Amino acid sequence: SRGEYLQGPPLIPYLAAKTKKVRLGVSIIVTAFRAPAVMAAEVATWDQLSAGRINVAVGAGWMPEEFQAAGAAHIYKKRNKHVVETIEVMQGIWGNEVFEYDGEFASFAKCGFGAKPVQKPRPPMFFSGLIKPETSAKRIAKYGLDGWIGIMDTPEAITTWRTAIKEELEKIESPQTVDQLEISSMMPFEITKEETDQTPNGKLTPTMVGTADQITDNLRKYKEAGMTMPMLWPPFSGTPTEKTIDDMRQLKHDILPNIA
C-alpha cells in the first residue's frame with residue numbers, strides 16, 4: 001500500500017502517555033509477524049504504561065503479500081496454528097510467575113518475562129476471523145476470549161457470526177454465554193451530506209458511510225443483529241482531520257443517543 005501511516009505496536013506506548021481514559025489496542029495483531037513470547041511481554045508493558053487500558057485483538061492474517069513483506073512467508077500455511085500458540089503463550093505468561101512452552105513456533109524452558117499486565121487475570125482478548133464462523137467460535141470458546149472482531153460485516157453477517165459463537169459455547173458447555181461477549185466489526189465511518197448507496201452489496205457497501213439518518217438506521221440494525229461494539233475507521237485519506245473530529249462529535253452527541 002502507499003501513503004504515510006504509523007505502525008500500531010510502537011504507537012501504543014505514546015498513546016498511553018498522551019491519554020488518561022480511552023482504551024487502547026491494535027486491531028488486529030497478525031501474530032505471525034511477532035514472536036509469541038516477545039509479543040506477550042510487550043503487551044504486558046503496554047498495560048503497565050496505560051494503567052490497565054489495553055485491549056488485545058489477535059488474528060491469523062490472510063494476505064500472502066503481507067507475510068512475505070514481514071519475512072514470515074514460511075508461516076503463511078500454518079498461520080492458524082501460530083495464532084493458537086500465541087494465545088496460549090500470552091495467557092500462560094500473563095497468568096504465571098514463570099512459564100514454559102513447547103510448540104512449533106515457541107519453545108522455551110521455564111522462565112519469567114518481566115512485569116505482568118495490570119488487568120487481572122489479563123487484558124480483554126478478542127479474536128478476529130473473517131471466513132469460518134465455526135473456527136472463530138471454537139477459539140473464543142476454548143480460550144475464554146472476550147469477543148470477536150470482523151470487518152465490514154452486514155447486519156446479516158453479524159447474526160451469522162453471533163449464532164455460530166453461541167452454538168459453540170453451548171456445545172462445549174462453557175460457563176461463558178454469547179451475551180457476555182463483545183461482537184464487533186471494523187467499518188469505515190464518515191458522515192456525508194448526500195445519501196450513499198446502501199443496497200445489499202455485502203462487504204462492498206460502506207454501511208457506516210452516509211448521512212446521519214442512514215448511519216442511525218444502520219446502527220439500529222447492527223444492534224438488533226447482536227453487535228455490541230462498532231469499531232469505526234476514520235477515512236484514511238482525502239478527508240481533513242477536523243471533519244473527522246466533527247463527525248465523531250456528531251456521532252456521540254446526536255446519533256448514539258437515538259439508538260434505542
Side-chain angles (χ1 to χ4, degrees), residues 3 5 8 19 21-28 55 57 59 62 124 126-137 140 145-169 176-260:
Y5 51 87
T19 60
K21 296 181 179 180
V22 297
R23 297 195 64 81
L24 304 169
V26 177
S27 181
I28 53 119
N55 288 346
W62 64 275
F126 302 83
F127 187 83
S128 179
L130 307 179
I131 300 175
K132 296 181 180 179
E134 295 78 11
T135 300
S136 294
I140 291 168
L145 305 184
D146 299 278
W148 166 83
I149 298 174
I151 180 170
M152 295 179 68
D153 296 278
T154 63
E156 292 77 16
I158 292 295
T159 297
T160 297
W161 282 91
R162 189 179 188 279
T163 299
I165 294 169
K166 177 177 182 292
E167 291 174 350
E168 190 62 33
L169 290 170
Q176 270 184 312
T177 68
V178 72
D179 292 333
Q180 295 173 295
L181 301 179
E182 296 281 12
I183 304 296
S184 183
S185 186
M186 298 177 281
M187 298 179 288
F189 166 72
E190 185 172 9
I191 299 175
T192 62
K193 292 181 179 180
E194 303 294 332
E195 289 192 353
T196 58
D197 180 7
Q198 294 290 323
T199 55
N201 291 322
K203 292 182 183 295
L204 298 179
T205 301
T207 53
M208 293 301 291
V209 175
T211 64
D213 287 343
Q214 285 181 305
I215 289 173
T216 301
D217 185 51
N218 283 329
L219 281 174
R220 289 194 182 109
K221 292 176 182 177
Y222 279 117
K223 184 175 182 179
E224 291 170 2
M227 181 186 286
T228 62
M229 185 173 66
M231 191 170 291
L232 305 181
W233 284 340
F236 290 118
S237 62
T239 300
T241 301
E242 293 81 0
K243 165 71 163 58
T244 298
I245 293 173
D246 286 342
D247 285 354
M248 295 298 293
R249 288 188 177 124
Q250 187 174 353
L251 176 71
K252 177 182 179 180
H253 297 294
D254 300 333
I255 296 177
L256 291 179
N258 293 318
I259 309 302

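Since the model is a prediction, treat every value here as computed from it, not as a measurement.
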Can you confirm whether [X] sits close enough to [Y] that some side-chain heavy atom of one is under 4.5 Å from a side-chain heavy atom of the other?
X      : Y      : result
Glu168 : Glu134 : no
Leu145 : Phe126 : no
Met186 : Trp233 : yes
Ile191 : Met208 : no
Phe127 : Ile28  : no
Pro230 : Leu219 : yes
Ile140 : Leu181 : yes
Leu169 : Ile165 : yes

Between [X] and [Y] (side chain of the first, backbone of the second, donor and acceptor by atom type, cut-off under 3.5 Å), is there such a pair?
X      : Y      : result
Thr239 : Pro235 : no
Ser128 : Gly150 : no
Thr211 : Thr192 : no

Inset, instruction - Would you indicate whether Trp62, at its atom CH2, is surrounded by more than 12 heavy atoms from other residues, nucleotides or ligands within a distance under 6.0 Å? - result: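 Not buried by this count: 12 neighbours or fewer within 6.0 Å.
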
Legend entry - Residues which pass side chain to side chain donor-acceptor pair (under 3.5 Å) with Thr19, listed by chain and number, not counting sequence neighbours: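 Thr19 satisfies side chain to side chain donor-acceptor pair (under 3.5 Å) with Arg53 only.
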
Legend entry - side chain to side chain donor-acceptor pair (under 3.5 Å) partners for Ser185, two or more places apart: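 By the side chain to side chain donor-acceptor pair (under 3.5 Å) rule, Ser185 matches Asp153.
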
How long is the straight-line distance from [atom2] of [Y] back to [atom1] of [X], given to the nearest 0.5 Å?
X      : Y      : atom1 : atom2 : answer
Met231 : Met152 : CE    : CE    : 15.0 Å
Asp213 : Glu195 : CG    : CD    : 7.5 Å
Ser27  : Asn55  : OG    : CG    : 9.5 Å
Gln176 : Asp179 : CD    : CG    : 11.5 Å

Inset, instruction - Enumerate the residue pairs fulfilling ring-ring contact (aromatic ring centres under 6.0 Å, His included) with a member in residues 146-169, sequence neighbours excluded, ordered by first and then second residue. - result: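 Non-adjacent pairs meeting ring-ring contact (aromatic ring centres under 6.0 Å, His included): Trp148-Trp161.
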
Minimum heavy-atom separation for [X] and [Y], please, with both atom names.
X      : Y      : answer
Ala57  : Ile149 : CB-CD1, 3.7 Å
Gly129 : Ser136 : CA-OG, 3.3 Å
Pro155 : Ala225 : O-CB, 3.3 Å

Listed pairs under 3.5 Å, donor-acceptor, residues 248-260 side chains, sequence neighbours left out:
unit_1: Asn258; atom_1: ND2; unit_2: Asp254; atom_2: O; d: 2.7

Inset, instruction - Scan residues 216-225 for pairs that pass side chain to side chain donor-acceptor pair (under 3.5 Å), counting only residues two or more places apart or in two chains. - result: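 Qualifying pairs, neighbours excluded: Gln198-Asn218, Thr207-Tyr222, Asp217-Lys221.
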
Legend entry - Pairs where residues 182-192 contributes a residue and the test salt bridge (charged side-chain N to carboxylate O under 4.0 Å, His left out) is met, not counting sequence neighbours: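 Counting only pairs at least two positions apart or across chains, the salt bridge (charged side-chain N to carboxylate O under 4.0 Å, His left out) contacts touching residues 182-192 are Glu190-Lys243.
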
Legend entry - Audit row: Val209, Phe189, side chain to side chain contact (heavy atoms under 4.5 Å, CB included) steps and yes/no: CA-CA 5 Å; Val209 175; Phe189 166 72; 5.8 Å; no

